[in-house]
Structures are given as structure tokens and as C-alpha cells.
Amino acid sequence: MRGVIVALIAGLFQAALVLPCLGGELVRVKITNLAFMPASINVHAGDTVEWVNEDFIDHTATETSGDWDVAIPAEKSAQLTVTRAGTFSYYCRVHPGMTGTVHVITK
Ligand SMILES: [Cu+2]
């Protein structure tokens with residue numbers, strides 16, 4: 001019994017340590033008809049951006065200065081957790097006319 005209580009307390013303590021890291025929100029960007037919707041989003045550092053590709057073709061979300069490059073296969077979604085504050089412009093490598101911006105502010 002005592003072992004169970006110790007394990008419980010240890011579990012709670014661990015959760016308290018881990019939870020602040022999981023506090024980020026999920027912010028969705030839809031891709032439809034060769035466009036990021038919305039094209040511009042505001043998020044907090046620690047949030048996760050999820051691109052949901054509703055097109056039948058592959059896209060990417062490629063940061064202009066090479067900070068990140070996310071492949072988003074046809075009819076699939078892909079996620080990126082942003083950690084650094086700043087304004088990040090991105091485009092699709094396959095369709096350079098597709099552009100978007102992620103504004104990341106600190107919490
Ligand atoms: Cu594309």
C-alpha cells in the first residue's frame with residue numbers, strides 16, 4: 001500500500017513537471033486549392049502548428065530562410081512545434097506561389 005502511495009505521489013510530481021511543457025495550443029492551417037488558410041497566423045512559443053492538406057497533391061511548408069521544412073503529403077496533415085519568437089515567412093517548394101506567415105510571440 002505504501003508503495004502505491006509513493007508511486008502516486010511520484011506520478012503527480014512528474015505530471016507537474018511535464019505539464020507546463022505540454023501547455024502549447026494546436027493551431028490549424030488548412031490547405032485547400034493551393035492556398036494556406038489562413039495564410040497568416042499568430043501563435044505563442046510552444047504552440048504547435050498543424051497543416052491539414054485537403055488537396056490531392058503534396059505540399060510543403062518551407063520557412064524562407066531555412067528554419068524549418070515540413071512535408072505535407074496529399075490528404076495528410078503535418079505538425080511543427082514552434083519554440084522561437086519571430087515572424088516566419090514560408091512557402092510551398094512545389095508551388096512557390098503558395099505563401100504564409102507564422103508570427104510567434106513569447107508567452
Ligand atoms: Cu504546394
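Indexing begins at 1, ligand by ligand and atom by atom, following the structure's order. For this chain, numbers begin at 1 and follow the sequence in order. Small disclaimer: the values here were computed from a predicted structure and weren't measured.
- Around the Cu ion (ligand 1), the protein atoms of type N, O or S found under 2.8 Å away are His59 ND1, Cys92 SG, His95 ND1, listed by chain and number.
- His44 pairs by the ring pair (Phe, Tyr, Trp, His ring centres under 6.0 Å) definition with nothing, not counting sequence neighbours.
- Thr101 places no side-chain N or O within 3.5 Å of a backbone atom of Ser89 that could act as its donor or acceptor partner.
- Donor-acceptor pairing under 3.5 Å is recorded for the side chains of Ser65 and Glu63.
- Under a 3.5 Å cut-off, the side chain of Asp55 and the backbone N or O of Asn33 do form a donor-acceptor pair.
- For the residue pair Thr48/Thr81, the side-chain donor-acceptor check at 3.5 Å is satisfied.
- Closest non-hydrogen pair, Val29 versus Pro38, comes out as CG1-O, 3.7 Å.
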